[in-house]
Amino acid sequence: ETGVTQSPTHLIKTRGQQVTLRCSSQSGHNTVSWYQQALGQGPQFIFQYYREEENGRGNFPPRFSGLQFPNYSSELNVNALELDDSALYLCASSVGSMGETQYFGPGTRLLVL
Amino acid sequence: AQSVTQPDIHITVSEGASLELRCNYSYGATPYLFWYVQSPGQGLQLLLKYFSGDTLVQGIKGFEAEFKRSQSSFNLRKPSVHWSDAAEYFCAVARSNFGNEKLTFGTGTRLTIIP
């Protein structure tokens, strides 16, 4: 148990739709990172939020966006879903943004049809 | 940019046998190195990490890893595996001394344990 929760656990959407995934971090963890894990691959960094502001972004298009709230929760929004967006989406929380251990949630599995 | 290579996609080991999972990284400075384990349908659990100091790092569940700068490696070892160790193992690297501490993962090694 890492104290990081994600919802929903599974989700099915159709191409072109929009989706919002949610993450609840450990209390006191002011940094949240989101990763996309395609089937058979390692997680790929999407972006990180530190104190409610974006603090770095991986190689993902702008239709991937996020929010972080003061109550240690956060969201990942994906617009105009594509088939390749089907993946496990993981959030990870940590204290600070300088090499601290990241604690991962169980993930949300998204299937785009 | 940093990168991680896990050369073994799948390893099968007998229960009670020793285990070594390989990890090679590419990064110009001293990296932060991690091993995570992922059981089916689960998120990632941190096994151990290396930031600095002693190059032999002890982790949870009886795992250890050794940082070898000359070989750019951070191999994971366990002297005697248990059936519950069957899972996917990921090596990851992060840049040190940098505020945006994203993790770069390898593609993973799936470990199967046979009786």
Side-chain angles (χ1 to χ4, degrees), chain A residues 1-10 21 23-26 29-51 53-60 66 87-109, chain B residues 1-10 21-27 29-53 57 59-60 74 87-110:
Chain A
E1 282 291 332
T2 63
V4 180
T5 59
Q6 292 186 244
S7 62
T9 55
H10 296 83
L21 310 182
C23 172
S24 179
S25 302
Q26 285 191 31
H29 282 198
N30 54 15
T31 301
V32 64
S33 303
W34 286 89
Y35 293 83
Q36 180 196 67
Q37 186 179 15
L39 202 61
Q41 300 295 315
Q44 298 287 319
F45 176 73
I46 303 174
F47 45 58
Q48 181 185 84
Y49 278 78
Y50 174 60
R51 293 184 173 177
E53 292 193 4
E54 189 175 294
N55 186 44
R57 189 177 187 92
N59 189 27
F60 281 81
L88 180 69
Y89 289 86
L90 297 162
C91 74
S93 73
S94 57
V95 177
S97 61
M98 293 291 292
E100 299 295 335
T101 299
Q102 297 186 26
Y103 295 91
F104 283 82
T108 293
R109 187 162 296 282
Chain B
Q2 66 264 38
S3 65
V4 176
T5 301
Q6 293 181 249
D8 304 307
I9 296 173
H10 187 199
L21 302 182
R22 296 183 291 166
C23 172
N24 293 97
Y25 68 90
S26 173
Y27 180 58
T30 300
Y32 290 172
L33 293 162
F34 305 80
W35 275 99
Y36 282 87
V37 61
Q38 186 176 39
S39 298
Q42 302 294 315
L44 298 170
Q45 181 182 22
L46 179 68
L47 287 175
L48 47 78
K49 61 187 178 185
Y50 172 78
F51 284 179
S52 64
V57 181
I60 63 171
F74 188 57
E88 187 94 20
Y89 291 79
F90 292 94
C91 181
V93 62
R95 292 179 289 185
S96 60
N97 299 318
F98 194 74
N100 174 12
E101 207 57 65
K102 74 168 188 175
L103 293 170
T104 299
F105 286 87
T107 52
T109 297
R110 179 168 299 279

Evaluate the criterion ring pair (Phe, Tyr, Trp, His ring centres under 6.0 Å) for residue pair A/Phe104 and B/Tyr36; output intermediate values, then yes/no.
CA-CA 10 Å; A/Phe104 283 82; B/Tyr36 282 87; 5.2 Å; yes

Can you check whether B/Leu103 reaches A/Pro43 side chain to side chain, under 4.5 Å on heavy atoms?
no

Can you say whether B/Leu44 sits under 4.5 Å from chain A via the side chain, the backbone, both, or neither, judging by heavy atoms?
both

Report which part of B/Glu88 has an atom under 4.5 Å of a heavy atom belonging to chain A: side chain, backbone, both, or neither.
neither

Are more than 12 heavy atoms from other residues, nucleotides or ligands located less than 6.0 Å from atom CG of A/Leu39?
no

What residues, two or more places apart in sequence or in another chain, satisfy side-chain hydrogen bond (donor to acceptor under 3.5 Å, both in side chains) together with A/Arg51?
none

Tell me, out of B/Thr107, B/Val4, B/Thr104, who's got the most heavy-atom pairs with chain A below 4.5 Å.
B/Thr107

Rounded to the nearest 0.5 Å, how far apart are CG of A/Leu88 and CD of B/Gln38?
6.5 Å

Trace of the side-chain contact (heavy atoms from CB on, under 4.5 Å) decision for B/Phe105 with A/Phe45:
CA-CA 9 Å; B/Phe105 286 87; A/Phe45 176 73; over 6 Å; no

Output the option from A/Gln44, A/Gln6, A/Gln37 having the highest count of non-hydrogen pairs under 4.5 Å with chain B.
A/Gln37

Partners passing side chain to side chain contact (heavy atoms under 4.5 Å, CB included) against A/Ser24 (at least two apart in sequence or in another chain):
A/Thr5

